[in-house]
S.K.: 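This is the structure I have questions about; it appears just below.
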Amino acid sequence: MKPGIHPAYGPVVFRDRAANYAFLTRSTMTSDKTIEWEDGNTYPVVDVEISDVSHPFYTGTARVLDTAGRVERFERRYGRRGAN
């Protein structure tokens, strides 16, 4: 690797505010906000909107969409094409 062209890679805490969950990993992301972690060290913290703890795919709380109703509404609005 060429020296001096890559961003700094270090420990960062990612915090899911919706689920009140945080995890420590390594990343090139940075932040001005910091947090004191369980080990007593201070790390930059990045707030995320969704993580594996709050994502519907992983939690099993996915919504079922009414696709039949959506198709019927589309056909009512724009008419059935190619019916001739």
S.K.: Determine, using the 4.5 Å side-chain heavy-atom cutoff (strictly less than), whether Phe23 and Val48 are members of one ILVMFWY cluster.
M.R.: yes

S.K.: For Glu36, what residues pass the side-chain hydrogen bond (donor to acceptor under 3.5 Å, both in side chains) criterion, not counting sequence neighbours?
M.R.: none

S.K.: With side chains defined as the heavy atoms from C-beta onward, is the minimum distance between Leu24 and Pro11 less than 4.5 Å?
M.R.: yes

S.K.: Can you confirm whether Arg15 sits close enough to Ile35 that some side-chain heavy atom of one is under 4.5 Å from a side-chain heavy atom of the other?
M.R.: yes

S.K.: Within the structure provided, determine whether Ser31 and Val46 are in side-chain contact (heavy-atom separation under 4.5 Å).
M.R.: yes

S.K.: Would you please name every residue forming a side chain to side chain contact (heavy atoms under 4.5 Å, CB included) with Ala18, sequence neighbours left out?
M.R.: Asp16

S.K.: Are any of the side-chain heavy atoms of Thr25 and Phe14 separated by less than 4.5 Å?
M.R.: yes

S.K.: Does any N or O in the side chain of Thr28 come within less than 3.5 Å of the main-chain N or O of Ala8, such that one atom is a donor and the other an acceptor?
M.R.: no

S.K.: Heavy-atom count around Asn20 CG within 6.0 Å, excluding the residue itself: above 12?
M.R.: no

S.K.: Step by step, work out the side-chain contact (heavy atoms from CB on, under 4.5 Å) result for Val13 and Trp37.
M.R.: CA-CA 8 Å; Val13 173; Trp37 193 243; 3.7 Å; yes

S.K.: Can you check whether Asp47 reaches Lys33 side chain to side chain, under 4.5 Å on heavy atoms?
M.R.: yes

